[in-house]
Amino acid sequence: MKKILVVNGPNLNMLGIREPEIYGGADYADLIDMIKKSADELGLEVDCFQSNHEGDIVDRIQKAYFEGVDGIVINPAAYTHTSVAILDALKAIGIPAVEVHISDINRREEFRRVSYAGMACEEHFIGLGFDGYIKALEYLAAK
Ligand code: DQA
């Protein structure tokens with residue numbers, strides 16, 4: 001069974017509360033339920049991790065290497081646009097990674113158009129809401 005790590009960055013624990021006009025009304029627990037259900041259907045073992053701290057995200061990505069994780073789904077949230085450390089961690093471990101964003105970062109403020117983590121990802125699902133996570137799991141399952 002393929003092992004998949006799903007990483008969510010800062011403020012994604014506030015889904016359902018934060019800017020519902022952008023991110024929707026469903027909360028983080030709903031997102032995790034949906035990911036787990038879909039992973040079950042696809043025959044994937046999934047571990048979900050969320051942190052508001054850049055270094056904790058780097059640590060979790062590094063740990064994935066030693067756990068023999070087969071694929072990573074990552075929404076680094078605001079760290080997408082700032083974190084060379086998360087980019088370097090993804091490059092260091094060399095595990096296939098897929099970038100997900102709930103909103104369309106290319107149609108928002110200018111500063112959201114740069115994605116450092118995305119440079120280490122082989123596929124991107126952007127602006128599809130929660131469905132992007134499902135598409136990312138399907139992509140990794142099919143590899
Ligand atoms: C986000 C987009 C980022 O620009 C933002 O900082 C987030 C969420 C998204 O999923 O749409 O926190 O990654």
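We count ligands from 1, going down the list as the structure has it; atoms in each ligand are counted the same way.
- Each of Val73, Ile126, Ile134 was scored for a side-chain contact (heavy atoms from CB on, under 4.5 Å) with Val100, with one residue passing: Val73.
- In this structure, Ile57 belongs to a hydrophobic cluster whose other members, linked by side-chain heavy atoms under 4.5 Å apart, are Leu5, Val7, Phe49, Val58, Ile61, Tyr65, Phe66, Val69, Ile72, Ile74, Tyr79, Ile86, Leu90, Ile93, Ile95.
- Applying the salt bridge (charged side-chain N to carboxylate O under 4.0 Å, His left out) rule to Lys63 yields the partners Glu67; only residues at least two apart in sequence or on another chain are considered.
- Among all heavy-atom pairs drawn from Pro10 and Gln50, the shortest one is CA-NE2, 4.1 Å.
- Applying the salt bridge (Lys or Arg N to Asp or Glu O under 4.0 Å) test to residues at least two apart or on different chains, the pairs with a partner in residues 112-132 are Glu109-Arg112, Glu110-Arg113, Glu122-Lys143.
- Few gaps surround NZ on Lys2; more than 12 heavy atoms of other groups in view lie less than 6.0 Å from it.
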List below, pair by pair, the N or O atoms of ligand 1 and of the protein that are less than 3.5 Å apart, including the distance to 0.1 Å; reply 'none' if no pair qualifies.
from, atom 1, to, atom 2, distance (Å)
ligand 1, 4 (O), His81, NE2, 2.7
ligand 1, 4 (O), Arg112, NH1, 2.8
ligand 1, 6 (O), Ala78, N, 3.2
ligand 1, 6 (O), Arg112, NH1, 3.1
ligand 1, 10 (O), Asn75, ND2, 2.8
ligand 1, 10 (O), Ile102, N, 2.8
ligand 1, 11 (O), Ile102, N, 3.3
ligand 1, 11 (O), Ser103, N, 2.8
ligand 1, 11 (O), Ser103, OG, 2.6
ligand 1, 12 (O), Arg18, NH1, 3.0
ligand 1, 12 (O), Arg18, NH2, 3.1
ligand 1, 13 (O), Asn75, OD1, 2.8
ligand 1, 13 (O), His101, ND1, 2.8

